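Treat the numbers as computed from the prediction; the structure is a model and nothing was measured.
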Amino acid sequence: MFAIANTDHGWFDFLKSRDMVNDINFWTPISWSLKGLDEGSMFYFMLKSPIRKIGGGGVFREYRDLTVDEAWASYGLRNEFDNKKDFIAALNKHGVDS
């Protein structure tokens with residue numbers, strides 16, 4: 001089994017530019033209720049328009065629903081931001097309550 005998920009350019013570029021490409025998270029504030037993707041399945045990152053190409057991929061490890069605080073505590077900079085304040089501000093900009 002495999003999955004392809006749309007990926008934010010900023011997140012992708014942030015991680016790549018800091019060589020943070022191992023053990024990354026693909027967190028979303030919206031629960032996906034992910035089913036059918038087992039540990040060891042391939043997970044590919046599709047860069048959003050206008051690029052619309054696979055930017056990378058990895059081996060799926062686990063799915064967990066996390067709050068904003070839990071996502072920051074678990075992944076910190078791997079959320080694309082240098083600090084929690086900027087992370088929360090970006091989420092709020094997209095209508096996500098923190």
Side-chain angles (χ1 to χ4, degrees):
M1 181 63 128
F2 70 93
I4 300 173
N6 284 328
T7 302
D8 178 73
H9 293 243
W11 173 82
F12 185 84
D13 292 340
F14 182 92
L15 295 179
K16 189 174 177 182
S17 71
R18 287 164 176 78
D19 198 27
M20 300 172 84
V21 295
N22 294 321
D23 198 27
I24 63 168
N25 69 304
F26 191 76
W27 179 80
T28 176
I30 301 164
S31 176
W32 285 1
S33 299
L34 191 64
K35 296 176 184 166
L37 195 61
D38 298 319
E39 183 176 355
S41 297
M42 290 303 298
F43 195 94
Y44 297 99
F45 304 103
M46 170 76 81
L47 297 171
K48 292 180 182 178
S49 182
I51 297 173
R52 298 187 48 80
K53 291 183 180 179
I54 300 291
V59 178
F60 179 79
R61 187 171 60 188
E62 68 178 327
Y63 172 81
R64 294 183 292 156
D65 285 322
L66 300 175
T67 65
V68 172
D69 287 336
E70 290 169 335
W72 185 261
S74 296
Y75 302 110
L77 296 177
R78 295 182 192 285
N79 288 297
E80 180 193 346
F81 297 92
D82 289 317
N83 58 66
K84 185 178 176 183
K85 179 182 171 188
D86 291 345
F87 177 52
I88 290 172
L91 292 171
N92 290 338
K93 206 187 253 188
H94 292 288
V96 176
D97 292 327
S98 53

Student: Over all heavy atoms of both residues, which pair between Val59 and Gly40 is shortest? Give the atoms and the distance, please.
Tutor: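 Closest approach of Val59 to Gly40, heavy atoms only: CG1-CA, 3.5 Å.
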Student: In terms of the angle between their ring planes, are Phe87 and Phe81 parallel, tilted or perpendicular, with boundaries placed at 30° and 60°?
Tutor: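 Phe87 and Phe81: tilted rings.
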Student: Side chains of Trp72 and Leu66: closer than 4.5 Å at any heavy-atom pair?
Tutor: no
Student: Rounded at 0.5 Å granularity, tell me how far CZ in Phe60 sits from CD in Glu39.
Tutor: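 Rounded to the nearest 0.5 Å, the CZ-CD separation comes out at 8.5 Å.
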Student: Any side-chain heavy atom of Ile24 within less than 4.5 Å of one from Phe12?
Tutor: no
Student: Could you tell me whether Arg61 atom CZ has more than 12 heavy atoms of other residues or ligands within 6.0 Å of it?
Tutor: no
Student: In terms of relative ring orientation, are Phe26 and Trp11 parallel, tilted or perpendicular, with 30° and 60° separating the classes?
Tutor: perpendicular
Student: Does some side-chain heavy atom of Asn25 sit less than 4.5 Å from a side-chain heavy atom of Ser74?
Tutor: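 Answer no - side chains too far apart.
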Student: Which value, rounded to the nearest 0.5 Å, describes the distance between Phe14 atom CZ and Leu77 atom CG?
Tutor: 5.0 Å
Student: Quick one: pull up CG in Leu37 and OH in Tyr63 and give me the separation to the nearest 0.5 Å.
Tutor: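 Taking CG in Leu37 and OH in Tyr63, the distance rounds to 11.5 Å.
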Student: I need the minimum non-hydrogen distance between His9 and Ile51, along with the two atoms involved.
Tutor: CE1-CD1, 3.1 Å
Student: Between CG of Asn79 and CG of Leu15, what distance do you get to the nearest 0.5 Å?
Tutor: 9.0 Å
Student: So does Arg78 pair up with Asp23, basic N to acidic O under 4.0 Å?
Tutor: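 Result for this pair is no, no salt bridge flagged.
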Student: Decide yes or no on side chain to side chain contact (heavy atoms under 4.5 Å, CB included) for Leu47 and Lys53, but give the supporting numbers first.
Tutor: CA-CA 6 Å; Leu47 297 171; Lys53 291 183 180 179; 5.6 Å; no
Student: Report yes or no: do Met46 and Tyr44 belong to one cluster of Ile/Leu/Val/Met/Phe/Trp/Tyr joined by side chain heavy-atom distances under 4.5 Å?
Tutor: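 Met46 and Tyr44: one cluster.
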Student: Phe43 and Ala5: which non-hydrogen atoms are nearest, and at how many Å?
Tutor: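 Heavy atoms only, the tightest pair is CZ-CB, 3.7 Å.
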Student: Taking atom CD1 of Ile88 and atom CG of Asp69, what is their separation to the nearest 0.5 Å?
Tutor: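 Nearest 0.5 Å value for the CD1-CG distance: 6.0 Å.
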Student: Would you compute the distance between atom CD of Glu70 and atom OH of Tyr75 and round it to the nearest 0.5 angstrom?
Tutor: 10.0 Å
Student: Can you confirm whether more than 12 heavy atoms, excluding those of Asn6, are under 6.0 Å from its CG atom?
Tutor: yes
Student: Could you go through Asp86 and Glu80, starting from their C-alpha distance and side-chain angles, then the distance that decides it, and tell me whether this counts as side chain to side chain contact (heavy atoms under 4.5 Å, CB included)?
Tutor: CA-CA 9 Å; Asp86 291 345; Glu80 180 193 346; over 6 Å; no
